[in-house]
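Note that the numbering runs from 1 along the sequence shown for the chain. FYI, side chains are in, hydrogens and waters are out, and symmetry mates aren't considered; it's all heavy atoms of this structure.
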Amino acid sequence: MEWIAKELCVAAVCGGCTAAVMMLPIVVDGRWWNLTLPVIIGGLCGLIVGLVAVAGGSYAIRTAVHWPPRSRNRWRHRFALCSAASVVLLVGGVFAWLVAASAGASGVPDSLIVLGVLGAVSYMFAYALAPARAVEFGAPRSADCRPGMRDRGTGIR
């Protein structure tokens, strides 16, 4: 599996598992099928978050053309940072909209804690699932690259 499929699978499974854990109190007298709908909705929300993380990872791959990483470790950190930043921006925007739309008590501290945890988990998974090199997964060549010239350290010649 490529990194995109791995990222989407991990995000969907994490979303479904998180929904199941959050809704565990609705299981009464061994009726485990009560968790079916929350797991499906959680999996779909996780898939949306995974798609945003893939978009951030694709951006990291594109940056490797003009700004090549010096080592594999730095590449993995850049990939994880771009992926986690895109997730934090999306979820932070949704949380800000929810807090602004609510007329009741402020949910800012809880939202910030959830946003921090989600950002940390997204960074951890993206770091673990980062492709070995950006070039292996189709990073585009720069426009000013000619055959026979060195392509700014990305390994393409």
Side-chain angles (χ1 to χ4, degrees), residues 1-24 32-33 35-99 101 110-157:
M1 271 205 299
E2 290 187 9
W3 68 270
I4 295 174
K6 290 178 187 176
E7 187 97 25
L8 292 176
C9 288
V10 165
V13 168
C14 284
C17 290
T18 301
V21 168
M22 295 296 290
M23 300 304 286
L24 202 55
W32 290 97
W33 61 85
L35 290 177
T36 305
L37 186 61
V39 167
I40 291 172
I41 292 172
L44 290 175
C45 291
L47 195 60
I48 291 170
V49 169
L51 287 172
V52 173
V54 166
S58 298
Y59 177 74
I61 289 173
R62 290 194 178 269
T63 63
V65 173
H66 300 290
W67 181 32
R70 294 183 184 190
S71 66
R72 185 172 189 273
N73 192 28
R74 287 187 183 187
W75 160 244
R76 292 175 75 182
H77 280 294
R78 182 189 306 170
F79 184 84
L81 183 65
C82 289
S83 183
S86 62
V87 169
V88 167
L89 286 173
L90 172 80
V91 176
V94 169
F95 283 168
W97 175 72
L98 288 174
V99 169
D110 295 336
S111 297
L112 290 177
I113 291 170
V114 170
L115 186 62
V117 168
L118 189 62
V121 168
S122 177
Y123 186 91
M124 180 184 66
F125 281 136
Y127 184 84
L129 297 174
R133 289 182 6 194
V135 177
E136 293 174 357
F137 296 100
R141 298 181 74 163
S142 65
D144 59 346
C145 180
R146 294 180 200 94
M149 291 186 67
R150 190 169 185 273
D151 192 18
R152 298 185 181 162
T154 58
I156 299 176
R157 296 204 188 270

Near Phe95 CZ, under 6.0 Å, is it more than 12 heavy atoms from other residues, nucleotides or ligands?
yes
Would you check if the side chain of Ser86 reaches a backbone N or O of Val52 as a donor-acceptor pair within less than 3.5 Å?
yes
Point-to-point distance, once rounded to the nearest 0.5 Å, from [atom1] of [X] to [atom2] of [Y]:
{"X": "Thr36", "Y": "Ile41", "atom1": "OG1", "atom2": "CD1", "answer": "11.0 Å"}
{"X": "Met22", "Y": "Cys17", "atom1": "CE", "atom2": "SG", "answer": "13.5 Å"}
{"X": "Leu90", "Y": "Ile48", "atom1": "CG", "atom2": "CD1", "answer": "8.5 Å"}
{"X": "Tyr59", "Y": "Ile61", "atom1": "OH", "atom2": "CD1", "answer": "13.0 Å"}
{"X": "Arg74", "Y": "Leu81", "atom1": "CZ", "atom2": "CG", "answer": "13.5 Å"}

Heavy-atom distance under 4.5 Å between the side chains of [X] and [Y], does that happen here?
{"X": "Val114", "Y": "Val91", "result": "no"}
{"X": "Ser83", "Y": "Glu7", "result": "yes"}
{"X": "Trp3", "Y": "Ser58", "result": "yes"}
{"X": "Val99", "Y": "Ser111", "result": "yes"}
{"X": "Phe79", "Y": "Thr63", "result": "no"}

Arg78 charged N/C atom sitting above Trp67 aromatic ring, 6.0 Å / 45°:
yes
Distance-only criterion, 3.5 Å: show the donor-acceptor pairs between side-chain atoms of residues 118-130 and protein atoms not counting sequence neighbours.
{"unit_1": "Tyr123", "atom_1": "OH", "unit_2": "His77", "atom_2": "ND1", "d": "2.5"}
{"unit_1": "Tyr127", "atom_1": "OH", "unit_2": "Asn73", "atom_2": "OD1", "d": "2.6"}

Heavy-atom closest pair, residues Gly42 and Ala19:
CA-CB, 3.8 Å
